Protein chains: 2
Amino acid sequence: MARTTGSDGEKTEAAVREAAVSLIARLGYEAMSMRQLAAEVGVQAAALYRYFPTKEDLLFTLMREHMEGLLEAWSAARPANADPVTRLAAYVENHIAFHIERRHATHVSNMELRSLSHERLTQILKMRTAYEKELRMILRDGAEAGVFQVDDTGLTAMALIQMMTGVIVWFRPGARLSIAEVTASYLSMTMRLVGATISHGTARPSGRAAVAL
Amino acid sequence: MARTTGSDGEKTEAAVREAAVSLIARLGYEAMSMRQLAAEVGVQAAALYRYFPTKEDLLFTLMREHMEGLLEAWSAARPANADPVTRLAAYVENHIAFHIERRHATHVSNMELRSLSHERLTQILKMRTAYEKELRMILRDGAEAGVFQVDDTGLTAMALIQMMTGVIVWFRPGARLSIAEVTASYLSMTMRLVGATISHGTARPSGRAAVAL
DNA sequence: GCATTAATAAAACGAACGTTCAATTAATTC
DNA sequence: GAATTAATTGAACGTTCGTTTTATTAATGC
C-alpha cells in the first residue's frame, strides 16, 4: 500500500502517455476518467498526479508534443530550394506517413481541441497554422510559376489537408492497401487536384513513390 | 412550480433539438450536461425527460434524422440515367450545400459516434455506408466508361468525402468566399482529382456552377 | 365549470467525477 | 545501516452527473 517494487517514474510516465493517447482516441477526452486511465497503467488514480497536475495538463502535453513532432518531421523532410512539384510531393508523403504512423495521437489532436483552455487552444492552433502555411506557400509558388492551376490557395490547402488527414479515419494497417500504395494514390490525386504540369521524374524525392498523372 | 403558461410540448421539443445540436457541436456530447441543455431551453432538466428517455436517445435521434435528411436530399438531387460527370457534379453540389447548411448537425454526426451503443452505431454507419456507396458507384461507372482516371474507387471515394466534408471545419458564412464560390472550387478540384475528361457543359445540372478544368 | 390530460418544477437519488492528503514502502545516498 | 528521497496506496473531499419521483399548475374536453 505504498511504493511498489520495481516502480520507476520515467517508465510510469511513459506508460501513462501511451495509455492516455489510446484511451482518449477510443473514448474521447471527456469520457475517459482518470481512474480508467490509471487502471490501464496498473496504478491508482492518485499516482497520475505525480506526473500531470491536472487532466487538462495531460491532454495539452500530448497535443503539444504531437504538433511539435509534426513540425519537426516536416522540417527534416522538407527539400530546400526545390521546385514546387517536388516540394508538394514531399509534403504529401510526409503528411501521410506521419499521420498513419500516429493515428491515435492525430485523432486526439484534431478532436479534443475544445477541451483546452483558451490560451492553450491558441498555442496549439498557432502550430497548426504554421504547418498549414507551409502548404499554402508551396501552392502559391507553384501557381506563380505556372506549374499549378489553383483557384484559391487557402481553400485548396484546406481541402488537401482535410483529404490527406482523412486517411486516419478509414486506413487500417494490414488491410487491403499497403502504406506505399495509399501514399502513391494520394500523391497522384493531389497532383491532379492542383493541376500539376507533368514534369518527368522530379516528383520522386524519397524514392518511395512516383507521380502518376 | 409546475406547468407554465403558454407551454407547448411541440415547441419545447423543437427547442430542445435545436439547442442540443448547437451545444453538442460546441462543447461535445459528454461535456454537455442535461442541466446546461435545459437552461438553454429555459426549462428544468427533468422536463427534458418528457421528450427523450435518456441523453443517448437524444443524441441518437439527432444523428438518425440528420443521416436520413442527407439520404433524402441526395435522393431528391440525384439525376437518374445521366452520365458520370453530371452525376458526380450533382453529388458534390448536394454534399457541399447540405453540409454548409447543417454544419452543426454534421459535426455532431461525425464526432460523437463513439457515444452511441454498439447497436445504434451500426445503424448510423449503415446509413453512412449507403451514402458513400452512391459515390463509389459513380466513380466506378465513370472509370469503366473511360471518362474518369481512378486508381482505386474506394480510396478515391473516401478521399473525396473527407475533402468535401472538411468544408465545415473552416467555412464560415459571410466570410471571404461565398457558398457559390466554394462550391465551384470544390467542383473543379473534384473533377481534376478524378481526371475527368472535359465534356462541354454536361456538368452543370443545377445551373449554379460550371466545371472549370 | 368540472374532470381530465399535458407540461412542468422542485427535490432528491446514488454513482461517478477530478483531485487532495496523509501514510507507507522501495530505492538511493552517504 | 541510517537518512533521505522517490513512488505509490487508500481513503476521503466536495461537486456534478443522469435520472426518478412526486406534486402542482395550465390547457383541454365535455
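Below, chain A is the first sequence line, B the second, and so on; all start at residue 1. It should be emphasised that the depicted structure is a prediction, and the values quoted were computed from it without experimental measurement.
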Can you tell me the distance, in whole Å, between the [atom1] atom of [X] and the [atom2] atom of [N]?
{"X": "A:M34", "N": "C:dG18", "atom1": "CE", "atom2": "P", "result": "7 Å"}
{"X": "B:L37", "N": "D:dT16", "atom1": "CG", "atom2": "P", "result": "18 Å"}
{"X": "B:M32", "N": "D:dG18", "atom1": "CE", "atom2": "P", "result": "7 Å"}
{"X": "A:Q36", "N": "C:dC17", "atom1": "CD", "atom2": "P", "result": "7 Å"}
{"X": "A:E10", "N": "D:dA6", "atom1": "CD", "atom2": "P", "result": "13 Å"}
{"X": "A:R50", "N": "C:dA27", "atom1": "CZ", "atom2": "C1'", "result": "12 Å"}
{"X": "A:L48", "N": "D:dT9", "atom1": "CG", "atom2": "P", "result": "9 Å"}
{"X": "A:E13", "N": "D:dT8", "atom1": "CD", "atom2": "C1'", "result": "15 Å"}

Does [X] place a side-chain N or O at less than 4.0 Å from the phosphate oxygens OP1/OP2 of [N]?
{"X": "A:T54", "N": "C:dG18", "answer": "no"}
{"X": "A:T4", "N": "C:dT25", "answer": "no"}
{"X": "B:Y49", "N": "D:dT22", "answer": "no"}

Has B:K55 got a side-chain atom pairing as donor or acceptor with B:S33's backbone, closer than 3.5 angstrom?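 Pair absent, no side-chain N/O of B:K55 close to backbone of B:S33.
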
Using only atom types and a distance under 3.5 Å, with no angle test, would you say the side chain of A:T86 pairs donor to acceptor with the backbone of A:A82?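 Between the backbone of A:A82 and the side chain of A:T86 there is no qualifying donor-acceptor contact (under 3.5 Å).
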
If you check every side-chain atom of [X], which of [options] has the closest atom?
{"X": "B:S33", "options": "C:dA9, D:dC17, C:dA7", "result": "D:dC17"}
{"X": "A:Q44", "options": "C:dA11, D:dC17, D:dG10", "result": "D:dG10"}
{"X": "A:K55", "options": "C:dT8, C:dT24, C:dG18", "result": "C:dG18"}
{"X": "B:A45", "options": "D:dT19, D:dG10, D:dA7", "result": "D:dT19"}
{"X": "B:Y51", "options": "C:dA26, C:dT8, D:dG18", "result": "C:dT8"}
{"X": "A:A47", "options": "D:dC17, D:dT8, C:dA6", "result": "D:dT8"}
{"X": "A:A46", "options": "D:dG10, C:dT24, C:dT19", "result": "D:dG10"}

Side chains of [X] and [Y]: is there a donor and an acceptor less than 3.5 Å apart?
{"X": "B:H66", "Y": "B:S109", "answer": "yes"}
{"X": "B:D151", "Y": "A:S185", "answer": "yes"}
{"X": "B:Y186", "Y": "B:H95", "answer": "no"}

Map A:G42 and A:R35 onto DNA chain D by nearest heavy atom, then report which one ends up closer to the 5' terminus.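 Its nearest nucleotide lies further toward 5', so the answer is A:G42.
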
